[in-house]
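Structure, as structure tokens:
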Amino acid sequence: MFERVRDVVASIPTGKVLSYGDVAKRAGVSSPRLVGRIMSEDTADLPWHRVLRANGTVAEHLRERQLEALRAEGVLANGPKIDMRAHRWTT
DNA sequence: AGTTTGACTAACG
DNA sequence: TCGTTAGCCAAAC
């Protein structure tokens with residue numbers, strides 16, 4: 001199931017983002033916490049910065065890197081939060 | 001085997 | 001808009 005989650009995250013196009021809940025749903029896992037936990041263990045090649053909370057914020061220990069990475073991909077934050085409505089990956 | 005802990009979310013106040 | 005509560009799964013103690 002970890003592979004499933006990783007696959008979903010890896011398939012997020014540059015400039016787009018997903019919430020943990022979205023990733024969980026796409027990956028077919030039961031809880032968004034799983035996604036977070038999985039990524040905390042193994043983010044090796046994943047664009048983990050493209051995954052944020054549903055409200056567009058991120059955990060503090062990641063926030064700086066997160067925003068920096070997203071900024072580099074064109075997902076500019078209007079402050080400490082990301083504009084999910086604009087950048088949410090919808091297919 | 002039971003408790004604690006997270007890169008979480010949705011619902012309430 | 002921000003803090004709290006309850007529900008959630010798997011790993012670490």
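When reading the values below, keep in mind they use all heavy atoms of this one structure, side chains included, and skip hydrogens, waters and symmetry mates. Letters go in sequence order (proteins before strands), and every chain restarts at 1. None of these values were measured; they are calculated from a predicted model.
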Take atom [atom1] of [X] and atom [atom2] of [N], then tell me their distance rounded to the nearest Å.
| X | N | atom1 | atom2 | value |
| --- | --- | --- | --- | --- |
| Asp42(A) | dA10(C) | CG | C1' | 15 Å |
| Tyr20(A) | dC8(C) | OH | P | 21 Å |
| Ile12(A) | dA7(B) | CD1 | C1' | 13 Å |
| Glu3(A) | dA10(C) | CD | P | 14 Å |
| Ile38(A) | dT5(B) | CD1 | P | 21 Å |
| Leu62(A) | dG6(B) | CG | C1' | 12 Å |
| Leu52(A) | dG6(B) | CG | P | 21 Å |
| Arg4(A) | dA10(C) | CZ | C1' | 18 Å |

Contact summary for Ser19(A) and Val51(A), nearest pair of heavy atoms: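 Nearest pair, atom of Ser19(A) first, then Val51(A): C-CG1, 4.2 Å.
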field: Nearest atoms (heavy-atom pairs only) where Val8(A) meets Arg26(A)
entry: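 Looking at all heavy atoms of both residues, the shortest contact is CG1-CB, 3.8 Å.
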- request: Please say whether the positively charged group of Arg6(A), taken as NZ for Lys or CZ for Arg, lies over the ring of Trp48(A), i.e. under 6.0 angstrom from the six-membered ring centre and within 45 degrees of the axis.
  value: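 No, Arg6(A) does not sit over the ring of Trp48(A).
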Under 3.5 Å side-chain donor-acceptor pair for Glu73(A) and His49(A):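 Glu73(A) vs His49(A): donor-acceptor pair found between side chains.
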When you measure from the side chain of [X], which nucleotide among [options] comes out closest?
| X | options | value |
| --- | --- | --- |
| Ser40(A) | dA7(B), dA11(C), dT9(B) | dA7(B) |
| Lys81(A) | dC2(C), dT9(B), dA7(B) | dC2(C) |
| Thr43(A) | dC2(C), dA10(C), dA7(B) | dA7(B) |
| Ala54(A) | dC9(C), dT9(B), dA7(B) | dT9(B) |
| Glu41(A) | dA7(B), dC9(C), dA11(C) | dA11(C) |
| Leu34(A) | dC9(C), dT9(B), dA7(B) | dC9(C) |

- prompt: Using a cut-off of 4.0 Å on non-hydrogen atoms, how would the nucleic acid contact of Arg37(A) be classed: base, sugar-phosphate, or nothing?
  reply: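 The residue Arg37(A) makes base contact.
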query: Which part of the nucleic acid, if any, lies within contact of Ser19(A), taking any heavy atom under 4.0 Å across all strands shown: a base, the sugar-phosphate backbone alone, or nothing?
result: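 The residue Ser19(A) makes sugar-phosphate contact but no base contact.
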task: Would you confirm whether Arg63(A), through its side chain, and Val58(A), through its main-chain N or O, come within 3.5 Å as a donor-acceptor pair?
output: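 Side chain of Arg63(A) to backbone of Val58(A), a donor-acceptor pair under 3.5 Å: no, none is there.
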